[in-house]
Each structure stands twice: as C-alpha cells, then as structure tokens.
Amino acid sequence: MTPHSDEALYAKVSSAGPGAFWALGGPEGLQAGSAAGTDAAHTDADAVHDVAGLAPVLALWPVIGCLVDRGELSLHTPLTAHGPTTHQLLTRGAADGLPGLVPFVEGLCGAPLADCAAELVWRPLGMTRTGPGPDGTLRAPLADLGRFLGHLLSPADHPVPRAWTAESLRIRTGELTPARGLLWHPGPYGVWSYGDGPSLFVSPRHSRWAALVPGPGDAGSAALRTAFREAVFAGDAAEAATVVRS
C-alpha cells in the first residue's frame, strides 16, 4: 500500500474522525497516512503533536526493556520489601501501576525518564523531534512514531531488544481479565495497542503498524480507535481475537 492508494481506508478513517492524523506502515517505513484536509497540523508527518498519553509506551516501556536486557532490572523482583514487581505493574492499568514505576526506573538510570529514553531509544532510532515540550508534555511527530513502531517489527535487536518486544506482545495475565501483555493490550486480528487518546497499534502477524492522533473533540473516542483499527487491520474474520498466550 502506498499513500492515496486505498480510497476505502481513507473514507473509513475520515468518516470516524474527520480531523484525525494517522499513518500506517511496516518495518520498511511509512505506507499510507492522512494527507488530505485543511489543517496543516494534521497533514504533515513532521508536525509535532501532544502525545503525553503515550509516554508509558514510548519512554517507560522501552527503557525497562533495555534495563532488563542489561541485567539491571528483574521483572519478578519486588521494587520494595513486600511491594509489587515490575511485571505486576506493567500488567495493571496505567493509572494503577505506572506512577510508582517511573521514579524507580529513574533511580536505576540516574536521570529523568525522558533523558533516559532519549539516550537509550529515541536518538538511536532517529526520533530527533520526540521529547518534552516547554510545558513538560511529551510531544512527537507522526514520523517519529512510525520509526518507533517500525523498529518493533524489524529484525534489529537494538535499541529495543527483540526478546523484550516478543515477551511484551503476548498475554502475561493468564486467565485474568482484562488480558494484557507487558503494558500493551491485545485485540482482534493479532493487533496490540496502547493509548486512549493518541494510540499506537502493532501487529507482528501482519508486519504492520499504525498510529492515530485524534482531532479536536475526538481525543477520547473509543469508536474512532475501533474504526481505525478495523480499517487498517481487519482481514480474515477467522483470525479475530487470536493472540499468543503465555
């Protein structure tokens, strides 16, 4: 698929979220994206967006993977005496588990999380425009989100270890519901996702990624995210809801 080649895809996404900014691709890079409209901020892959809601998956999750790979952090060791483990926190909801994990990771790195992510992940991937804005809010362009997601589908083992990605994109909660991987959420068509506003989607099965930044008024729209996922990933109905279980 190349940009502008799939009119049905554009129509479906535009109908669900007329102002949405989005892209999809594979390990080789961008394949299609929002490129029509009147708002330049939503038509340029290099336009920088507020992606504060993606900080856990863009910063915390890959930094933890690097620390685990280097043997500096164990998923199953309690962070404090009688406290939760990193594994437990990553498989809980963001509001429940992640706030306490950030200072722990920063202590191991000896720097703020954004600085750790920039050194270990963002700069090596060429995500040069990803980082905190003047107000401290994480910002990134769609192009950088694509670099990050494309890397997760590539054979490259650095900067995010392939083993960490593979371990994260499988159900780690047994028979408990809701099912979760390590931070990532499983869904239909072998798709894993993260985000309730700006959202990231990745499917190793289809070797495809997608990123969505809702327009004004659509930031919390579950209907938009579902429509976008269906438009990008829906295929053989027999594959729906099939995920790799631990």
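Along the sequence shown, the residues carry numbers beginning at 1.
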K.L.:
Less than 6.0 angstrom separating the ring centers of Tyr189 and His206, yes or no?
P.N.:
no

K.L.:
Could you state the interatomic distance from OG (Ser34) to CG (Leu212), rounded to the nearest 0.5 Å?
P.N.:
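It comes to 9.0 Å.
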
K.L.:
Report yes if some heavy atom in the side chain of Pro159 is under 4.5 Å from a heavy atom in the side chain of His151; otherwise report no.
P.N.:
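When only atoms from C-beta onward are counted, His151 and Pro159 do touch, with a gap below 4.5 Å.
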
K.L.:
Provide the closest heavy-atom pair for Gly195 versus Ser199 in the form atom of the first, atom of the second, distance.
P.N.:
O-OG, 3.1 Å

K.L.:
For Arg139 and Thr130: C-alpha separation, side-chain torsions, deciding distance, then whether side chain to side chain contact (heavy atoms under 4.5 Å, CB included) applies.
P.N.:
CA-CA 6 Å; Arg139 302 181 65 81; Thr130 297; over 6 Å; no

K.L.:
Report yes if some heavy atom in the side chain of His87 is under 4.5 Å from a heavy atom in the side chain of Leu182; otherwise report no.
P.N.:
yes

K.L.:
Can you tell me if Asp50 and Thr137 form a side-chain donor-acceptor pair at under 3.5 Å?
P.N.:
no

K.L.:
As a test of understanding, state which of Val63, Leu152, Leu120 forms a side-chain contact (heavy atoms from CB on, under 4.5 Å) with Val160.
P.N.:
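Of the listed options, the one satisfying the test is Leu152.
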
K.L.:
Applying side chain to side chain contact (heavy atoms under 4.5 Å, CB included) to Leu200 and Trp209, what does each step give before you reach the verdict?
P.N.:
CA-CA 8 Å; Leu200 303 182; Trp209 58 262; over 6 Å; no

K.L.:
Side-chain contact, heavy-atom cut-off 4.5 Å: Glu106 with Pro112?
P.N.:
yes

K.L.:
Taking the six-membered ring for Trp, are Phe228 and Phe201 closer than 6.0 Å centroid to centroid?
P.N.:
yes

K.L.:
Test Leu89 against Phe104 for side chain to side chain contact (heavy atoms under 4.5 Å, CB included), laying out the working first.
P.N.:
CA-CA 12 Å; Leu89 295 180; Phe104 179 78; over 6 Å; no

K.L.:
Quick one: closest heavy-atom pair of Ala179 and Thr173, and the distance?
P.N.:
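Smallest heavy-atom distance, with atoms named: CA-OG1, 3.4 Å.
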
K.L.:
Which atom pair, heavy atoms only, marks the closest approach of Pro132 to Gly136?
P.N.:
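Result for this residue pair: CB-O, 3.9 Å.
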
K.L.:
Would Leu125 and Phe148 count as a side chain to side chain contact (heavy atoms under 4.5 Å, CB included) if you check the C-alpha gap in whole Å, the side-chain angles of each, and the deciding distance to 0.1 Å?
P.N.:
CA-CA 7 Å; Leu125 288 178; Phe148 179 79; 4.2 Å; yes

K.L.:
Is the closest side-chain heavy-atom distance between Leu67 and Cys109 below 4.5 Å?
P.N.:
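Yes, at least one pair of side-chain atoms sits under 4.5 Å.
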
K.L.:
If we only count heavy atoms from C-beta on, is the Ser207 to Pro27 side-chain gap below 4.5 Å?
P.N.:
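Counting from C-beta outward, Ser207 and Pro27 do come under 4.5 Å.
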
K.L.:
If only atom types and distance count, is the side chain of Gln88 paired as donor or acceptor with the main-chain N or O of Thr85 below 3.5 Å?
P.N.:
yes

K.L.:
To the closest 0.5 Å, what do you measure between CE (Met127) and CZ (Arg147)?
P.N.:
8.5 Å

K.L.:
Tell me the closest heavy-atom pair linking Trp122 and Leu58, and the distance in Å.
P.N.:
NE1-O, 2.9 Å

K.L.:
Return the CD to CZ distance between Glu167 and Arg162, rounded to the nearest 0.5 Å.
P.N.:
13.0 Å

K.L.:
For the residue pair Asp144 and Arg129, what are the closest heavy atoms and their distance?
P.N.:
OD2-N, 3.1 Å

K.L.:
Let me confirm one number: the CD1-OG distance from Ile64 to Ser168, rounded to the nearest 0.5 Å.
P.N.:
9.0 Å

K.L.:
Exactly one of Trp164, Trp192, Trp61 should register a ring-ring contact (aromatic ring centres under 6.0 Å, His included) with Trp184. Which one does?
P.N.:
Trp61

K.L.:
Report yes if some heavy atom in the side chain of Arg205 is under 4.5 Å from a heavy atom in the side chain of Arg208; otherwise report no.
P.N.:
no

K.L.:
Could you tell me which non-hydrogen atom of Leu60 sits nearest to which non-hydrogen atom of Val105, and how far apart they are?
P.N.:
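Looking at all heavy atoms of both residues, the shortest contact is CD1-CG2, 3.8 Å.
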
